[in-house]
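See below for the structure under consideration.
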Amino acid sequence: EALKIYRSLAKVNPDAYLNYVATTLNNFAVLHRKLNRPLDAEAEYNEALEIYRSLAKVNPDAYLADVAMTLNNLAILHRKLNRLADAEAEYNEALEIRRSLAKVNPDAYLADVAMTLNNLANLHIDLNRPADAEAEYNEALEIRRKLAKVNPDAYLTDVATTLNNLAALHYNLNRLADAEAEYNEALEIRRKPAKVNPDAYLSYVATTLYNLALLLMKDEQRRGEAKQACQEALDLYKVMAGKVPQRWSQYVEKAQQLLDYINSL
């Protein structure tokens, strides 16, 4: 209904209302993506992008950020649809725009640069380009560390996310010492907000502990540490499954299977 109204207003006064049409299309696309209606979402993102591009030609300071946002959203959709070449092109264009905006206003846009780098690195993992992914994760991590020094409440959890991603990459590359250090730092960061807001952050603590257990069990001398990490992950998953069984019961089973395997070694 909102979209219908904005479209009618934009026909009479496009300068005042076209941006509202684009914003509503973008919001609609986010909803349709969550409702597993990817074709609808894609059409809405593409129309929003076309509008934002036209607005940005006239007023880049006001609308280039919206172009980058929509490109990023479209890339997320295309990655889920396994259209990886499309997603890479969209992430790269979004990154280029956000870098240019961050040069002028780093306080407003550096976080977006880091987010896009992290997303692009995830894509490059899918494309089996680990060197590119590592470089992007490292740059994202450097930016997020700087932001977290000024505003830890807003950005420390992002530091932990990138550390966890980098650790997973290094684990797959058999760089276990690097991976362990990164998992441990991510775990230390994640424990703090989990004490204040367990519903939001306990799952991240549990996942990091589970990943750490997988790593530690590779070393015969550290199976006890692996067992301890896995047991803690299992206990946390049980707590979450007690509240939302349909979401977390499978993770309880998965952690129990890993713990049984470690005990059998």
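Taking the side chain as every heavy atom from C-beta outward, Tyr91 and Ile76 approach each other to under 4.5 Å. In this structure the side chain of Val113 reaches within 4.5 angstrom of the side chain of Leu117, judged on heavy atoms. Under the 4.5 Å side-chain criterion, counting only non-hydrogen atoms from C-beta, Tyr17 is not in contact with Ser8.
Taking 4.0 Å as the cut-off between side-chain N and carboxylate O, Glu180 and Arg175 do not count as a salt-bridged pair. Salt-bridge formation is not detected for the pair Asp86/Arg79: no Lys NZ or Arg NE/NH1/NH2 atom is positioned less than 4.0 Å from an Asp or Glu carboxylate oxygen. Salt bridge present: Glu232 and Arg191 bring a charged side-chain N and a carboxylate O closer than 4.0 Å. A salt bridge does not link Arg145 with Glu142: every distance from a Lys NZ or Arg NE/NH1/NH2 to an Asp or Glu carboxylate oxygen is 4.0 Å or more. A salt bridge links Arg53 with Glu93: the distance from a Lys NZ or Arg NE/NH1/NH2 to an Asp or Glu carboxylate oxygen falls below 4.0 Å. The pair Arg83-Glu90 does not meet the salt-bridge criterion, since no charged nitrogen lies less than 4.0 angstrom from a carboxylate oxygen.
In the hydrophobic clustering of this structure, Leu234 groups with Leu202; members are Ile, Leu, Val, Met, Phe, Trp, Tyr whose side-chain heavy atoms approach within less than 4.5 Å, directly or through other members.
Within 6.0 Å of the OH atom in Tyr210, the count of heavy atoms belonging to other residues, nucleotides or ligands exceeds 12. Other residues, nucleotides and ligands place no more than 12 heavy atoms under 6.0 Å from the CD atom of Glu50.
Residue Leu64 comes nearest to Ala56 through the heavy atom pair N-CB, 4.1 Å, listed as atom of the first residue, atom of the second, then distance. Pro38 approaches Leu77 most closely through the heavy-atom pair O-CD2, 3.8 Å.
The aromatic rings of His32 and Phe28 sit parallel, their planes meeting at an angle under 30°, below the 60° perpendicular limit.
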